[in-house]
Amino acid sequence: MSEPIRVGVLGARGRMGAQVCKAVDAAGDLELVAMVDAGDWLFSVADAGAQVLVDFTHPDVVMDNVRFAVDQGMHAVVGTTGFTPDRLDTVRTWLADAPQLGVLIAPNFGIGAVLSMRFAQMAARFYESAEVIELHHPGKVDAPSGTAVHTAQLIAAARAEAGLAPPPDATSQSLDGARGADVDGVRVHAVRLAGMVAHQEILLGTEGETLSIRHDSLNRSSFMPGVLLAVRAIRSRPGLTVGLDPLLDL
Ligand SMILES: NC(=O)C1=CN([C@@H]2O[C@H](COP(=O)(O)OP(=O)(O)OC[C@H]3O[C@@H](n4cnc5c(N)ncnc54)[C@H](OP(=O)(O)O)[C@@H]3O)[C@@H](O)[C@H]2O)C=CC1
Ligand SMILES: O=C(O)C1=N[C@H](C(=O)O)C[C@H](O)C1
């Protein structure tokens, strides 16, 4: 039998990181060698010989963590949000100097969430209107969610490719924020509600019909199959992979 993959987790005491530690620990082909959270000695991950670094921390620190992984010769699986096109380009630049390493950055590791984004992308060209509503637990620091931003970008690109006009909207007077954030011309609304985990509804509409695509993560365990899939795959995927889609053959 082959050696287990040695995994270090950053953000290990957080909501996601703690679940990832448990999932890695329970997997026979993976070995949890380091758990690091804010204030801990980051280099303990390298000292422990981690081959794959998993990051669920904070948008303010994630770039430093990815840089650290690349500098230390570790592959990285990143769920932390906040990745703009500029940030992704920066990671590509770092990886150009370390062509053997792989970094996977995914806005959402939930299989259903990935599918729902793909469905929205497929449907977008058929509808005049599209808006995204994301609903999360009130401990979430970023709004809108990374998933919602990514979804809106996919919808906007599909609309542009189809040559659609901007969605109809007669609003001429409104309270600040009432129409949500504008992501590439697609409105995105963020709800923060006790009791929620991670949910998203994509609303599409045209003359005489609407289509709603909804996904609900009812528990953070929903993200674990995707995270483990990425951890197992990343050593044979050099370069930057954005999203889980290629690992699902989508
Ligand atoms: N891609 C996906 O499928 C998913 C992505 N996420 C994203 O993952 C991120 C984390 O979410 P969540 O677990 O809910 O957040 P939490 O706040 O629960 O966890 C983040 C943890 O990281 C710690 N941390 C902060 N800075 C560092 C650092 N420099 N090194 C190591 N640890 C650090 C925090 O410590 P402290 O609290 O002391 O700052 C905290 O314990 C968010 O960006 C979220 O959007 C979440 C769910 C799924
Ligand atoms: O913070 C969360 O909880 C989540 N964050 C990710 C995001 O911002 O899209 C993924 C999921 O929505 C849960």
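Side chains included, hydrogens not; waters and symmetry mates left out as well; all remaining heavy atoms used. Numbering of ligands and ligand atoms starts at 1, following listing order.
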*Which part of Thr147 is near ligand 2, with near meaning a heavy atom under 4.0 Å away: side chain, backbone, both or neither?*
both
*Between Ser145 and ligand 2, find which residue part has any heavy-atom pair under 4.0 Å and reply side chain, backbone, both or neither.*
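Under 4.0 Å from ligand 2, Ser145 contributes backbone and side-chain atoms.
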*May I ask whether His137 places a heavy atom under 4.0 Å from ligand 2?*
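Contact check His137 vs ligand 2: positive.
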_Polar proximity ligand 2 side, Gly146 side, N/O cut 3.5 Å exclusive_ =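 It does: an N or O of Gly146 is found under 3.5 Å from an N or O of ligand 2.
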Contact atoms of ligand 2, heavy-atom distance to [X] under 4.0 Å:
{"X": "Asn108", "result": "10 (C), 11 (C), 12 (O)"}
{"X": "Thr81", "result": "6 (C), 7 (C), 8 (O)"}
{"X": "Ala198", "result": "11 (C), 12 (O), 13 (C)"}

Side-chain donor-acceptor contact under 3.5 Å, [X] with [Y]:
{"X": "Asp169", "Y": "Thr171", "value": "yes"}
{"X": "Thr206", "Y": "Glu128", "value": "yes"}
{"X": "His199", "Y": "Glu201", "value": "no"}

*Heavy-atom distance to atom 8 (O) of ligand 2: which of His136, Met16, Lys140 wins?*
Lys140
*Considering residues at least two apart in sequence or located in another chain, which fulfil the side-chain hydrogen bond (donor to acceptor under 3.5 Å, both in side chains) criterion with Glu161?*
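With neighbours one apart ignored, the set is empty.
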